[in-house]
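Both backbone and side-chain heavy atoms feed into the values below; hydrogens, waters and symmetry mates do not. Letters go in sequence order (proteins before strands), and every chain restarts at 1.
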Amino acid sequence: MKIPAVKGTRDFYPPQMAVRNYLVDGWKAVSLRNGFEEYDGPIFEHLKMYQIKSGEEIASQLFSFTDRGGRDMAIRPEITPTLARMVNQQINALPRPIKWFSVPRLCRAERPQKGRLREFFQWNIDIIDVEDVLADAEVIFTAIDYLRSTGLTAADIAVRISSRRMLAALLRSAGIEQDQLDGVYAVLDKKAKLPDEAFEAMLTERIGDETVRRRVAELMAAETIEAIENTAHLDAEGAAAVGELRRLFDLLSLMGIGEFAVFDIGVVRGLAYYTGVVFEVYDRAATLRAVCGGGRYDNLLRDFGGPAVTATGFGMGDAVLEILLREKGLLTDSTLSTRNVDCFVAIVADEFRDRAIELVFRVRRAGACAEFSYKAAGLKKQLKQAQALNARYTVIVGEEFSENRLTVKNMATGEQELMAVEQCIESLLA
RNA sequence: GUGGACGUAGCUCAGCUGGUUAGAGCACCAGAUUGUGGAUCUGGGGGUCGCGGGUUCGAGUCCCGUCUUCCACCCCA
C-alpha cells in the first residue's frame, strides 16, 4: 500500500536539504556574529501554553493530541512561549541581557498556500531585558545583516517600521477608547491589503463616530514621522513614542542599514502581543507575504508567570525567504552543491584495487573526503563520476602504481602530474 | 473553515469530436569507447493516466465523489 505524504509537508531530498542547510547555516552564522546564543526546547508542549496569549480558538490551528495520561498536548506552532518558559524558570540565574536565538521546526494546522506550509523552519532571535530601542535596532540590524549576506540589497527588500506604543497614543488622542484598540488594530492591519473603499467600510463598522473616524483615517494616511507630528496633537506618551521611533531610525543609519528602513504606520501586526516598536521585512514589490516580522513585547514573560521583564525579537520563516531568494536568482543549483569530494580515486588496474581502497580510507581517516567507484569501470566512466561528484582531484591508480606512483589530475584545470604515493597523500591533505 | 484551478513516466508536457498495445524531451542505467571528464549515437528500465464509483460495446478523454498540489479568502503567533 502506497501512503502519500502529509498535506503541507515537504520531503527534503538532497537538493532541497542543501537549500535548507544553506538557509539555516546562514541564520546561525549571523546570529553568532551578532552575539546571540543558541537554545532549543521540545517540539511539543502543554496545549495550554499556546492558549495563554492567543485564546482558546487557537487550538483549531494547531496539531494537538492527548497523551496516555490524558494530558492535552500540542506540537509547537511557535517557540516564543517555550522561550518565555525557559527564561522564567531561570530568570534569577541567567546573566542579562539575554540574547538568544533558535531555529525551531514548527507546525501549524492551516490551509497551505504560497509561502505558508504546515511544517516549516523559523529563525527566532530575542533580546530580553534591554528596554532601550537600541535593542530593537540591534534586532532589526541582525535581520538585515542576514538578508544582505544572501545577496539581497536595499533595492530588493525594505524593513517597514512603526510603533504600537505610538499608534495607541495617537488613537487614544483621536478619541478611540482603550478597550476598542485591539479591534481597531485588526482593521488598520489590513489597510495595505484592501482597496480604499473596503478599508473605509470596515473602519466605519468599527468606529461609529464620524469625527473620530476622520481623524483615524487622516492619521493612517501619514507617510512620515514628521507628518504625524504635524497632524496629530500628541500627548506626553505619544511624544515619547515618536521620540523613540526617531531614535530607532537614527540608530539604523548609524548601523549602516538606513537605506533599508522605511516608516510605515500601516505595520500593526497581529494581536495584543506587541507593546512598542513593530516591523516587517517585505520585498520592495510587496508581492509576497512578509519575510520576517517582529517587535517589542514587554509583557510576555509576565504573562507566562514570570517577572515584568522587557523583550524584543523577530521570527523569519524559511518558506517565503526561499521563494524570494529564488525569484532574485540567489539560489542556484551551482551554488548549492550536495557533493564536494576532495579526491576521487579511479582504479584502472584491477590488481591494485585493494591498494586503492586502502588509499581511499587512509585519506578519509585523515579527515578529507575521498570517493571511488564500486564497480570496475573504464577510466572515462570513472572520470565522469568524479566530475558528477564535484571532485577537486582525481587520483588514478594504474600501472604506475607498480613503481609506487600515482597520477593526480586537477579536475578544474585538467592538468595532471605523476607523483609518489606519499607525496600525493601529503599534498591532498594540505 | 469558504471559494476557484490543476492532476498522464523522477521532471516538463503531448495525447484531436470517447476507438487497437498511452507518447516525446530531459533525467537515470547500459553499450558504441579496455588509461582521460560537459559531446554524439544506439539500446534499456520506468505508467494501477491521483484514487473510488458511474455512463458506454469501449473511458487518459464524459459525469459524480474524494485526495493532493496551486491560488485567493479567514487567520497569521
Side-chain angles (χ1 to χ4, degrees), chain A residues 1-11 13-15 45 49-55 57-62 74 76-84 104 106-118 120 122 124 185-186 189-190 193-194 198 268-274 278 280 287-290 292-295 297 300 303 313-317 319-320 323 333-334 341 344 346-350 352 373 375-401 406-416 418:
Chain A
M1 183 168 48
K2 230 182 218 172
I3 303 197
V6 173
K7 184 205 289 217
T9 63
R10 292 168 289 180
D11 291 328
Y13 287 87
E45 295 267 8
M49 176 161 259
Y50 303 110
Q51 295 172 322
I52 289 177
K53 69 182 173 64
S54 311
E57 67 282 10
I58 198 75
S60 65
Q61 309 209 47
L62 36 83
R76 63 187 179 189
E78 57 171 329
I79 200 168
T80 311
T82 301
L83 171 68
L106 307 174
C107 293
R108 297 177 185 175
E110 298 175 299
R111 220 7 125 68
Q113 56 185 287
K114 189 174 189 182
R116 188 205 253 181
L117 299 158
R118 288 187 156 195
F120 56 97
Q122 189 185 66
N124 282 251
Y185 288 151
D189 194 37
K190 292 182 174 46
K193 296 172 74 175
L194 294 171
V268 179
R269 297 193 56 75
L271 291 175
Y273 203 94
Y274 293 100
V278 283
E280 289 177 342
T287 53
L288 302 174
R289 52 179 63 235
C292 159
Y297 50 99
L300 189 79
D303 290 346
F314 71 78
M316 180 185 297
V320 176
I323 293 168
D333 294 343
S334 59
V341 170
F344 185 90
I347 309 164
V348 286
D350 222 34
F352 301 122
S373 173
K375 291 178 289 192
L379 181 58
K380 190 186 185 95
K381 183 137 286 185
Q382 294 188 66
L383 280 166
K384 229 176 216 180
Q385 192 184 346
Q387 181 182 286
L389 294 173
N390 229 347
R392 287 165 56 224
Y393 297 97
T394 295
V395 172
I396 299 165
V397 182
E399 294 306 326
E400 59 270 51
F401 196 83
L406 297 163
T407 302
V408 178
K409 186 181 182 82
N410 181 319
M411 296 299 282
T413 64
E415 286 164 13
Q416 54 187 55
L418 201 57

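- Using a 4.0 Å heavy-atom distance criterion, A:Gly378 is classed as making no nucleic acid contact.
- The partner of B:rU36, taking Watson-Crick or G-U wobble pairs whose two distances both stay under 3.5 Å, does not exist in any strand shown.
- Note on A:Gly414: a base of the nucleic acid sits closer than 4.0 angstrom, heavy atoms only.
- Considering only heavy atoms from C-beta on, A:Asn410 comes within 4.5 Å of A:Tyr393 through its side chain.
- Side chains of A:Leu383 and A:Met411 form a contact here, defined as non-hydrogen atoms less than 4.5 Å apart.
- Not one N or O on the side chain of A:Arg108 forms a donor-acceptor pair closer than 3.5 Å with the backbone of A:Leu117.
- At the heavy-atom level, A:Gln382 lies nowhere under 4.0 Å from the strands shown.
- At B:rC74, none of the side-chain N or O atoms of A:Lys190 fall inside 4.0 Å of OP1 or OP2 (strictly under the cut-off).
- Atom pair A:Leu117:CG and B:rC76:P shows a separation of 19 Å (rounding to whole Å applied).
- Nucleotide B:rG10: paired with B:rC26 (Watson-Crick or G-U wobble, both distances less than 3.5 Å).
- On the P atoms, B:rU69 is 15 Å away from B:rC11, given to the nearest whole Å.
- B:rU17: no Watson-Crick or G-U partner with both key distances under 3.5 Å is found in any strand.
- No contact: A:Thr394 has no heavy atom under 4.0 Å from any strand.
- A straight line from NZ of A:Lys381 to P of B:rA39 spans 13 Å, rounded to a whole angstrom.
- The gap from the C1' atom of B:rC6 to that of B:rC67 amounts to 13 Å, rounded to the nearest Å.
- Among the atoms of the strands shown, base atoms are found under 4.0 Å from some heavy atom of A:Lys380.
- Within 3.5 Å, a donor on the side chain of A:Gln416 pairs with an acceptor on the base of B:rU36, or the reverse.
- With both ends at atom P, the span from B:rG53 to B:rG15 equals 28 Å, rounded to whole Å.
- For the pair A:Asn390 (side chain) and A:Val341 (backbone), a donor-acceptor distance under 3.5 Å is absent.
- For B:rC76, the base has a donor-acceptor partner in the side chain of A:Arg289 [N/O atoms by modelled type, under 3.5 angstrom].
- If you measure from atom CZ of A:Arg108 to atom C1' of B:rA77, you get 5 Å, rounded to the nearest angstrom.
- Along RNA chain B, the nucleotide nearest to A:Gly8 and the one nearest to A:Thr287 differ in position, and the one closer to the 5' end is contacted by A:Gly8.
- Rounded to whole Å, atom P of B:rA32 lies 12 Å from atom NZ of A:Lys384.
- Applying the 3.5 Å distance criterion, the base of B:rC71 shares no donor-acceptor pair with the side chain of A:Arg116.
- Atom P of B:rC64 sits at a distance of 15 Å from the matching atom of B:rG7, rounded to the whole Å.
- A:Glu110 contributes no side-chain N or O that, together with a main-chain N or O of A:Gln61, makes up a donor-acceptor pair within less than 3.5 Å.
- Remark: B:rU69 base-pairs with B:rA5; criterion is Watson-Crick or G-U wobble with both hydrogen-bond distances under 3.5 Å.
- Here A:Lys114 does not reach the OP1 or OP2 of B:rC70: none of its side-chain N or O atoms lies under 4.0 Å away.
- On the P atoms, B:rU17 is 27 Å away from B:rG54, given to the nearest whole Å.
- Shown here, B:rG52 forms a base pair with B:rC64; the pair counts as Watson-Crick or G-U wobble because both key distances fall under 3.5 Å.
- For B:rG1, the base has no donor-acceptor partner in the side chain of A:Glu110 [N/O atoms by modelled type, under 3.5 angstrom].
- Regarding A:Ile52, its CD1 atom lies at a distance of 18 Å from the P atom of B:rA77, rounded to whole Å.
- Here A:Glu400 lies in heavy-atom contact (under 4.0 Å) with a base.
- Shown here, B:rC41 forms a base pair with B:rG31; the pair counts as Watson-Crick or G-U wobble because both key distances fall under 3.5 Å.
- Separating the CG atom of A:Leu383 from the C1' atom of B:rU36 is a distance of 5 Å, rounded to the nearest angstrom.
- Comparing B:rA72, B:rA30, B:rG37 against the side chain of A:Gln113 picks out B:rA72 as the nearest.
- Between A:Val6 and A:Arg118, the closest side-chain pair of non-hydrogen atoms is not below 4.5 Å.
- Contact annotation: A:Lys409 does not reach the phosphate of B:rU36 (side-chain N/O to OP1 or OP2, under 4.0 Å).
- One P atom belongs to B:rG18, the other to B:rU61, and the distance between them is 11 Å to the nearest Å.
- B:rU55 and B:rG65 have their C1' atoms separated by 15 Å, with the value rounded to a whole Å.
- At whole-Å resolution of the value, CZ in A:Arg118 and P in B:rC67 are 12 Å apart.
- Between B:rU56 and B:rA9, the two C1' atoms lie 29 Å apart (nearest whole Å).
- Residues A:Arg111 and A:Ile396 both approach RNA chain B. Their nearest nucleotides, taken by heavy-atom distance, put A:Arg111 toward the 5′ side.
- Residues A:Gln416 and A:Thr394 form no side-chain contact, since every pair of their non-hydrogen atoms from C-beta on lies 4.5 Å or further apart.
- Using a 4.5 Å heavy-atom cutoff, the side chains of A:Lys375 and A:Gln385 are not in contact.
- Of the candidates B:rU36, B:rC75, B:rG38, B:rG38 carries the atom nearest the A:Gln387 side chain, counting heavy atoms from C-beta on.
- Rounded to an integer number of Å, the gap from A:Ile347 CD1 to B:rU36 P is 17 Å.
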